[in-house]
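Residue numbers begin at 1 in each chain, while the letters A, B, ... track the order of the sequences.
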There are 2 protein chains.
Amino acid sequence: MDRSGRGDPGETLNLLWRTPRVRSGRGRPPKVSFDKIIVAAMALADRDGLDAMTMDRIADSLDVGTMTLYTHVPGKAELTDLMVDHAWRELDLAPEGPWRERIERYARQNVALHERHPWLRQVSTARPPLGPGLFARNDFLLSALFETGLTAAEISAASDSIITFVDGASATLAEHSHAERISGQSDEDWWDDRRVFWENIFDPARYPAIERTWNDGGFDRSPAEAAAKAFDFGLRSLLDGIEVMARRSG
Amino acid sequence: MDRSGRGDPGETLNLLWRTPRVRSGRGRPPKVSFDKIIVAAMALADRDGLDAMTMDRIADSLDVGTMTLYTHVPGKAELTDLMVDHAWRELDLAPEGPWRERIERYARQNVALHERHPWLRQVSTARPPLGPGLFARNDFLLSALFETGLTAAEISAASDSIITFVDGASATLAEHSHAERISGQSDEDWWDDRRVFWENIFDPARYPAIERTWNDGGFDRSPAEAAAKAFDFGLRSLLDGIEVMARRSG
DNA sequence: CTCCTTTTTCGTACGTCCTACGGATAAAGA
DNA sequence: TCTTTATCCGTAGGACGTACGAAAAAGGAG
């Protein structure tokens, strides 16, 4: 009865924390491994998108039968969880420098991660797979925030809001920088559609604030640039908010 | 070549802004309408989740053949876009009160919206359907922010970061309050799993900051309470950030 | 070498889902 | 009555995930 597109949480949990199996030597030698499947699936999703990542194609790219995958992985939902955790493990989170710098580094790394793996925006929202990747990230953020002297509850809340914002904003950024590839629409066509929309469909009388922002040049930047500005502003505000709270309490 | 799970943007755009068709009187009388299909689809997704919302079941709930739907809607991707926009139109966005209050009202409304329509978290991230619902929301936020005296570019960035944060945090909140229904796992089982995880799987030596936060009571709150705290903190910080910027510039 | 046990491989088949196609159907107008 | 127009919807096909079970390939025992 899985309605969220994710597999049984317990099953995934065991896979995420599993220690590599020790083979007895007996039995037919495996052609693929747990890890190779994850890597192949990620490569496919990176190149052709999450929808193109089918069990058939993953198996093909590994030169095995489709059903062979099911010896190593319970199903596609679990495989997706494993991919997400594997991606998060790519974050390079050295605990160095002052706390604010560390969190900014995390934010930049997260953007780069979404650039490499644009499919993350389709799966990485709420209810994340509770694997080593997630825990490493959370540990990094909590560890940085302990330097502020806030209470554990405050730190936890601050960490959660940073995760929420950075994940969402990274997804938006990656969305824009991959837009051409995703929509199959060239940048020129995009601007054309946009012009047609503003000229023919948009009714300024109905949305005066949008009209005014448009006239004042608020939309002159490309979507990617605008998203980057929003990212910077939001992150700065959150970090400032943490500093204010720290000064008040300590 | 749609890889994002969304339909042709141009097609959806026309549907979103379409004026109700004037029937000539000729032709077989319709059994369903555009709007009824959207409402039925939303009811299904609300009750049973997005995965359970199939074209077959939507048609059944309307007492028509499956293919009848395709007379009114090009396909499922477009229907999903229409549902998202329809949901956004439910936001009650009266432009009253000081700007900060207005944005807080928007935030609360958005949480309520995600409570009513938990499937939004699976579709409402980047690349939103550019319909009346989106524009009404953006107009509301921009209109509120104009009171701050910031430049159009600053307002646009601030608005975008609020949208990113509020959407992500609302999704997390709704996720937790619907967790039981989604996972089919009772609250007791959830806490049991949690205990098993901390006792058997979690390695404190590897994640010292998490261990410390745990010991300091940082995780004592229920996930829903913790998410609410993160929501409040993040929104307050963003609004403070806007105030600071406004004071600096004018 | 032969047989048994263990482990992995993978072809077949089924159920679900979206949707292209085209004939049937029901109204209005000529 | 015949034509035009708009809608309804049964059938069929293709894509996908995966249950099942037989076949294959290794080690070890006799």
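A sub-4.0 Å separation between OP1 or OP2 of D/dT5 and a side-chain N or O of B/Arg21 is absent. Under 4.0 angstrom from either OP1 or OP2 of C/dC17 there lies at least one side-chain N or O belonging to B/Arg57. At the phosphate of C/dC18, OP1 or OP2 sits under 4.0 Å from a side-chain N or O atom of B/Lys76. The side chain of B/Thr68 places an N or O atom within less than 4.0 Å of a non-bridging phosphate oxygen (OP1 or OP2) of D/dC9. The shortest distance between the side-chain N/O atoms of A/Arg28 and the OP1/OP2 oxygens of D/dG27 is not below 4.0 Å. Within the 4.0 Å cut-off from OP1 or OP2 of D/dA25, not a single side-chain nitrogen or oxygen of A/Lys31 is found. Within the structure, every side-chain polar atom (N or O) of B/His72 is placed at least 4.0 Å from both OP1 and OP2 of D/dA6.
Between A/Phe219 and A/Phe197, the distance from one ring center to the other does not fall under 6.0 angstrom.
In this structure, A/Met55 atom CE and C/dG11 atom C1' are separated by 16 Å, rounded to whole Å. Atoms CZ (B/Phe34) and C1' (D/dT7) sit 17 Å apart, rounded to a whole Å. Atom CG in B/Leu79 sits roughly 14 Å away from atom C1' in C/dC17 (whole-Å rounding). Note: CD1 (B/Ile58) to C1' (D/dC9) measures 16 Å, nearest angstrom. Straight-line distance from the CE atom of B/Met53 to the P atom of C/dC17: 12 Å, rounded to whole Å. Per the geometry, CG belonging to A/Asp51 stands 13 Å off C1' belonging to C/dC18, to the nearest Å. Here the P atom of nucleotide C/dT8 and the CG atom of A/Leu69 are 14 Å apart, to the nearest Å.
Among the heavy atoms of the strands, none lies under 4.0 Å from A/Val73. Residue-level contact check: A/Gly65 touches the backbone only, with heavy atoms under 4.0 Å from sugar-phosphate atoms and none from bases. Using a 4.0 Å heavy-atom cutoff across all strands shown, B/Thr54 reaches sugar-phosphate atoms only and no base atom.
The main-chain N or O of A/Ala52 is found under 3.5 Å from a side-chain atom of A/Arg57 such that the two form a donor-acceptor pair. Proximity of a side-chain donor or acceptor of B/His178 to a complementary backbone N or O of B/Glu115 within less than 3.5 Å is detected.
Sparse packing is recorded around CZ of A/Arg21, with 12 or fewer heavy atoms of other residues, nucleotides or ligands lying under 6.0 Å away.
Using a 4.5 Å cut-off on side-chain heavy atoms (C-beta onward), A/Leu173 and A/His114 make no contact.
Between the side chain of A/Arg26 and the base of C/dT7 there is no donor-acceptor pair of N/O atoms closer than 3.5 Å.
Between A/Pro30 and B/Pro29, it is A/Pro30 whose nearest contact on DNA chain C lies nearer the 5' terminus. Between B/Met67 and B/Arg23, the residue whose closest nucleotide on DNA chain D is further toward the 5' end is B/Arg23.
A salt bridge does not link A/Asp160 to B/Arg221: none of the charged nitrogens lies less than 4.0 Å from a carboxylate oxygen. The residues A/Arg206 and A/Glu211 are annotated as not salt-bridged, no charged nitrogen and carboxylate oxygen being separated by less than 4.0 angstrom.
Comparing the start and finish of the helix from C/dC1-D/dG30 to C/dA30-D/dT1, five pairs each, the helix axis swings through 30°, to the nearest 10 degrees.
The structure places OG1 of B/Thr12 at 7.0 Å from CG of B/Leu82, a figure rounded to the nearest 0.5 Å.
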